[in-house]
Amino acid sequence: NTSLLKYSESDDEIWFQLPAPIIDPQAAAFRSRATVLNELAISHRLSLLVGRGKYGLPEDFAFAIKSVESVVHSIDVVDEYDVSLRFEIITRRKDTITALKSILVTKHGVEARTTTTSFNVLPPSLANFVRRARQFLDFADGKISRDKSCLSTITDNHFRYYPSEADRLSDGRRVDHVPALILIDIALSVNGIAHSNISAEFLNYTDPRLEFDIVHNKDHSAMEFVQNGQVVAIVATKATEEF
């Protein structure tokens, strides 16, 4: 809901300028209120919107975040809000893209943020095969049983989280997993510190129907998510020079 000041595009990149920063619609729902989450939501939204259009990927192709890293750098002052987004194809199979990387750079004031996201791209047949194996083909048809999430403390560095229906919503739509941005939001909320720089890996599907453990590895400034005995995600927060 704002006017473009400038716009340009090339084969692998778009660039535009706005008079003020974007506030993503999902930002209001995040519990931790960390500003990095707004940038991650913008990156996710633009990556799906532009990526689908650029490479002709239909709506029923699923984009699953494999990893994300978002880092702030100091720059000379910029009065407007500059945005650039470019893509790299990671893998193809029989002329179909199966993995894609997006690099979003936003500049405003005296800060530039670079958010790099790697996606696995799943055609509907593969996504349905995975859902069938997890007995979750009907994921969009009804709520899960828990209306409100619950966090319990096992030890000082070990927590157990019971997800709710809201924890599997992506832009208001039900999905068959706990989305990456929600896992990052939970990690930052449990950690209790609003970090500007973050990296995360998503190693496996996080089932919203089941509880999972969150283990704080203080030596590596990381929160590990464990479900059914395996690490499904790792969210790390570090100082800028460590990235």
Q: Give the ring-plane orientation class for Y81 versus H108, where under 30° counts as parallel, over 60° as perpendicular and anything between as tilted.
A: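 Correct class here is perpendicular.
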Q. Between R31 and S149, is a side chain to side chain contact (heavy atoms under 4.5 Å, CB included) present by the stated rule, with each step listed?
A. CA-CA 12 Å; R31 70 201 82 194; S149 61; 4.1 Å; yes
So which atom in [X] and which in [Y] form the shortest heavy-atom distance, rounded to 0.1 Å?
| X | Y | result |
| --- | --- | --- |
| A34 | L188 | CB-CD1, 3.7 Å |
| W15 | K6 | CZ3-CB, 3.5 Å |
| L169 | P179 | O-CG, 4.0 Å |
| A166 | I182 | O-CD1, 3.8 Å |
| V175 | S170 | CG1-CB, 3.9 Å |
| L5 | P19 | CD1-N, 3.7 Å |

If only atom types and distance count, is the side chain of [X] paired as donor or acceptor with the main-chain N or O of [Y] below 3.5 Å?
| X | Y | result |
| --- | --- | --- |
| R86 | S10 | no |
| D82 | Q17 | no |
| N157 | H216 | no |
| D185 | S32 | yes |
| R92 | I97 | no |

Q.
Walk me through whether I42 and V83 qualify under side chain to side chain contact (heavy atoms under 4.5 Å, CB included).
A. CA-CA 10 Å; I42 292 168; V83 180; 5.9 Å; no
Quick check for you: to the nearest 0.5 Å, what is the distance between [X] atom [atom1] and [Y] atom [atom2]?
| X | Y | atom1 | atom2 | answer |
| --- | --- | --- | --- | --- |
| H73 | S196 | NE2 | OG | 12.0 Å |
| E69 | T117 | CD | OG1 | 10.0 Å |
| I89 | Y55 | CD1 | OH | 4.5 Å |
| L46 | S84 | CG | OG | 10.5 Å |
| R131 | N128 | CZ | CG | 5.5 Å |
| F16 | L85 | CZ | CG | 8.0 Å |

Q. Linking Ile, Leu, Val, Met, Phe, Trp and Tyr through side-chain heavy atoms less than 4.5 Å apart, which residues share a cluster with V226?
A.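 Its cluster partners, ordered by chain and number, are L203, V231, I234.
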Q: Please indicate whether F129 has more than 12 foreign heavy atoms, meaning atoms of other residues, nucleotides or ligands, lying under 6.0 Å from its CZ.
A: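 Counting other residues, nucleotides and ligands, CZ of F129 stays at 12 neighbours or fewer.
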Same cluster or not: are [X] and [Y] linked, directly or through other Ile, Leu, Val, Met, Phe, Trp or Tyr residues, by side-chain heavy atoms under 4.5 angstrom apart?
| X | Y | result |
| --- | --- | --- |
| V121 | L48 | yes |
| F159 | F225 | yes |
| F87 | L57 | yes |
| F63 | I90 | no |
| F139 | Y205 | yes |

Using side-chain heavy atoms (C-beta onward) and a distance below 4.5 Å, is [X] in contact with [Y]?
| X | Y | value |
| --- | --- | --- |
| I22 | T106 | no |
| N204 | N228 | no |
| I154 | D213 | no |
| E88 | L100 | no |
| L18 | L4 | yes |
| E39 | T35 | no |
| R134 | R209 | yes |
| F212 | D207 | no |

**Q.** Partners meeting side-chain contact (heavy atoms from CB on, under 4.5 Å) with A200 (sequence neighbours left out)
**A.**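 Checked A200 against side-chain contact (heavy atoms from CB on, under 4.5 Å); matches are V68, I184, F202, V235.
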**Q.** Audit row: V36, T237, side chain to side chain contact (heavy atoms under 4.5 Å, CB included) steps and yes/no
**A.** CA-CA 11 Å; V36 65; T237 55; over 6 Å; no
Q. Going by atom types alone, do S102 and S47 pair a side-chain donor with an acceptor below 3.5 Å?
A.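 Their side chains do contain a donor-acceptor pair, which is all the 3.5 Å distance test asks for.
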Q) Would H158 and V215 satisfy side chain to side chain contact (heavy atoms under 4.5 Å, CB included), going step by step from the backbone distance to the final call? A) CA-CA 5 Å; H158 185 180; V215 181; 4.0 Å; yes
(Q) Testing V78, V77, V72 one by one against I75 for a side-chain contact (heavy atoms from CB on, under 4.5 Å), which residue passes? (A)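 Between I75 and the candidates, side-chain contact (heavy atoms from CB on, under 4.5 Å) is satisfied uniquely by V78.
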